[in-house]
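Reviewing the structure listed below.
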2 protein chains.
Amino acid sequence: MGQGSSCETNIRKNQIYVTDCIFLFRKSSFPLRNSCTKMPEDREATIYDIAKYLNVSAATVSRGLKNNPMISKNTRKKIVEAAKTLGYQSNTFASSLRSRHTHTLGVLVPRLNSHFMSSALAGMENAANRHGYNLIIAQSLEDVEKEKRNAATMFNKRVDGLLISLSSNAQDINHLEPFFKRKIPVVFFDRVFPHEESTSVGINNHEAAYNITKHLIGQGCKRIMHLGGNLLRNVYQERLNGYKKALQDHHLSFSKKLYLSSTLSEQAGTDAARYILDLAPGERPDAVFSANDTAAVYCMLALKAAGLRIPEDIAFAGFNNDPISRVIEPNLTTMDYSGNSIGDTAATNLINHLKGISNLYTTDAITLRAEMVIRASSLKKLPE
Amino acid sequence: MGQGSSCETNIRKNQIYVTDCIFLFRKSSFPLRNSCTKMPEDREATIYDIAKYLNVSAATVSRGLKNNPMISKNTRKKIVEAAKTLGYQSNTFASSLRSRHTHTLGVLVPRLNSHFMSSALAGMENAANRHGYNLIIAQSLEDVEKEKRNAATMFNKRVDGLLISLSSNAQDINHLEPFFKRKIPVVFFDRVFPHEESTSVGINNHEAAYNITKHLIGQGCKRIMHLGGNLLRNVYQERLNGYKKALQDHHLSFSKKLYLSSTLSEQAGTDAARYILDLAPGERPDAVFSANDTAAVYCMLALKAAGLRIPEDIAFAGFNNDPISRVIEPNLTTMDYSGNSIGDTAATNLINHLKGISNLYTTDAITLRAEMVIRASSLKKLPE
DNA sequence: GATATTTACGCAACCGATTGCGAAAATAAT
DNA sequence: ATTATTTTCGCAATCGGTTGCGTAAATATC
């Protein structure tokens, strides 16, 4: 309120112009800007109000509010107090417009509603909140085109930095070029992409997959199947590689028959079970290492329904430590890594870079710890 | 770039002021504003660039870009083309500062990482995206104080509207007063709060709980326990009431011994199992209706471990249709309602209100459909 | 006490888009 | 051809905070 445009704020769309509320206009800028004629309750307090209240300049108020040393301790205190009594709230647009940063981070994820991702978001939100930053979140739904549009929106909204986990079918990151050109820092998390001007936060997928495969081998499994995801994404490529390497190191050969690539959805898990059951008995795997828990669990459910015993007939290991891994019976051996930490780390590093505390451009990748959680689904031998 | 402040953009924090880059300053406003001296690649195109490019005024460009009928079809087309060739992107701050709306919705949730909530967010994100709106998301972690701070931040960021699901221990909604005062529409979803100036989106919890309890009774259960949540939240209060009403209507009496209030966490589920096992055999419930799936599932797991059979010894029903309800064995009977739809509906209605298409102030509540999903955990009798 | 520094603050030009109003140009009416 | 309308557009003032630079006041130095 306090100026004309408010008369039609909510109906401004589509050429509806209301012009009969001139009585509200501020006739000239300066005189009226400082003479808050009426309805002081109806307009947000500005630094000009504070300035007038204290008989100082708006510049002083602006500086005082952000602890600029140019302002004496005394006036600074008075300004802060006045701001409080007047209920002053900084207008972020004006600030962003002039200062060119928004204290907002863009977050681009494939989907919001997975346990890992929502944990990562929670971690980011926490870190951002801690440092006075906000998050704008969008999901690509595993669709590159939507990812591109979202990236454009983020860029357009002038986010100070971008946190992104790629959609499964993104071939390249050309859609992030505008960010690189403008030197807007980009941090990849989980599903990363090598790029010399941005940083990645994730885990050592190769090692994790290697260890989990090795664990299965250690349990006496000889024919270990792998359920993998889209190899365009590093996480799935590396897990496959780690799996292969473990086989190789233990003199087991990789067989195409024992590798399925899918979306790792519930349906994919069920389909994998069907595939296994359709194999000749001698060709069936004696273990399955799935690149996520969802596929593993739904595969287990279907195999159990078909009468197979887990882990006696077929051992299982997943990835993610999703809540369902602790509900399925037997509980699923899996790889635990905290979405929360990944989100927190990614956001914190990004913010520190923005604040000038650290320099991300010299950091290529941050690898967080992942821990194998051994549960009954893979325990054919009793642990000593 | 193109003006002095950029020299210290990333290190502006904490009194670091760099002053030796005067060569970049724009000496006077108008002459230089239109004479893009150098590095045209380094500065975002503005309406002034387009104006100069076409020899029209910035005002005309501004109007042309938003299809103001005041501008002739011809110039309008030229403006749009020029905008495209110059790679123009509207500066949302300048726009928001002047026009006083942000095309941004604030979303305040208790936690991001639950299945229901992340689905709701996904639904909102979709709806918002569809209408050119963005989401700023924050979580209260079930802490009123954080909820208050977040609300203040949202308000401060001048969101056009607020979508909120209350933290479990919020006693009132005084912290939303600033929104009401400024006529910023607030939509509650799931965990709602009665308020004459805002709308609620959710399901009929009373009816749902009534039906699910009635279903258990229909299965022959006589001693039905209820695991409930914090009664400050309508969802839990209503579920309790629906449960009680169903008991009453079927001549079963409510017993305090068969009602536990908790956070409905995994631990709470396990604790409930302990509680049940500690009851004298004659006092044990023959069914449990939990206000969420998590508590139900962890209670089931513990009871199964103790040797109880489900549903023979004790039937189970949950609420939410969380993924874990389809993994637990036997599968959990539950109440299915789409977080996605709730999010979508809440956001869509809010946006329609903002656009003037509908008026939310006349809408008190929007109730979405919820559907009972009967699974093995409650089936003591064979369905006909 | 006079001059050199330092400190503290104000002026005014920004940032880029929006918009009320006046006015020129194009078209219609007389 | 002249006047009345309608179209189309430009001027300039915002929105509110930020910031380079100039300067008065306070303090220090000689």
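Every chain is numbered from 1, with letters handed out A, B, ... down the list of sequences. What's counted below: heavy atoms across the whole structure, side chains too, no hydrogens, waters or symmetry copies.
Atom-to-atom, CD1 of A:Ile47 to C1' of D:dT19 comes out at 11 Å; the value is rounded to the nearest Å. Summarising the geometry, the separation between CG on A:Leu54 and C1' on C:dA8 is reported as 15 Å, rounded to the nearest angstrom. As a whole-Å value, the separation of A:Lys52 NZ from D:dG16 P is 14 Å. The nearest whole Å value for the distance from the CG atom in A:Asn68 to the C1' atom in D:dT18 is 10 Å. In this structure, A:Asn55 places its CG atom 11 Å from P of C:dC11, rounding to the nearest Å. The separation between A:Phe93 atom CZ and C:dT18 atom C1' is 15 Å, rounded to whole Å. One atom, CG of A:Asn156, and another, P of C:dG16, lie 14 Å apart when rounded to the nearest Å. Between B:Arg100 atom CZ and D:dG16 atom C1' there is a gap of 9 Å when expressed in whole angstrom units.
Among the protein residues, A:Val61 comes within range of no part of the nucleic acid, since none of its heavy atoms lies under 4.0 Å from any strand. Contacts of B:Ile71 with the nucleic acid, taken as non-hydrogen atoms under 4.0 Å apart, involve only primed sugar atoms and P, OP1 or OP2. Backbone-only contact: A:Ser72 has heavy atoms under 4.0 Å from sugar-phosphate atoms and none from a base.
Between B:Phe180 and B:His195, the distance from one ring center to the other falls under 6.0 angstrom.
Taking the charged nitrogens against the carboxylate oxygens, B:Asp143 and B:Arg149 have no contact shorter than 4.0 Å, which rules out a salt bridge.
Checking D:dG17, C:dA17, C:dG10 against the side-chain heavy atoms of A:Tyr48 singles out D:dG17 as nearest. Nearest to the side chain of B:Ser62, among C:dA17, D:dG16, D:dT18, sits C:dA17.
Each of B:Gln89 and B:Met70 lies near DNA chain C, and the nucleotide nearest B:Gln89 is the one positioned closer to the 5' end. Mapped onto DNA chain D by nearest heavy atom, B:Ala94 and B:Arg63 fall at different nucleotides, with B:Arg63 at the one closer to the 5' end.
For the side chain to side chain contact (heavy atoms under 4.5 Å, CB included) test with A:Ile79, the passing option among A:Ile47, A:Asn74, A:Leu65 is A:Leu65; the others fail.
The shortest distance between the side-chain N/O atoms of B:Thr75 and the OP1/OP2 oxygens of D:dC9 is below 4.0 Å. For the OP1/OP2 pair of C:dG16 and a distance below 4.0 Å, the side-chain nitrogens and oxygens of A:Arg98 include no atom meeting the criterion. The shortest distance between the side-chain N/O atoms of A:Ser57 and the OP1/OP2 oxygens of C:dG10 is below 4.0 Å. Close to C:dA17, at under 4.0 Å from its OP1 or OP2, lies a side-chain N or O of B:Tyr88.
The aromatic rings of B:Phe155 and B:Phe179 sit perpendicular, their planes meeting at an angle over 60°, well past the 30° parallel limit.
Side-chain atoms of B:Thr199 come within 3.5 Å of backbone N or O of B:Leu360 as a donor-acceptor pair.
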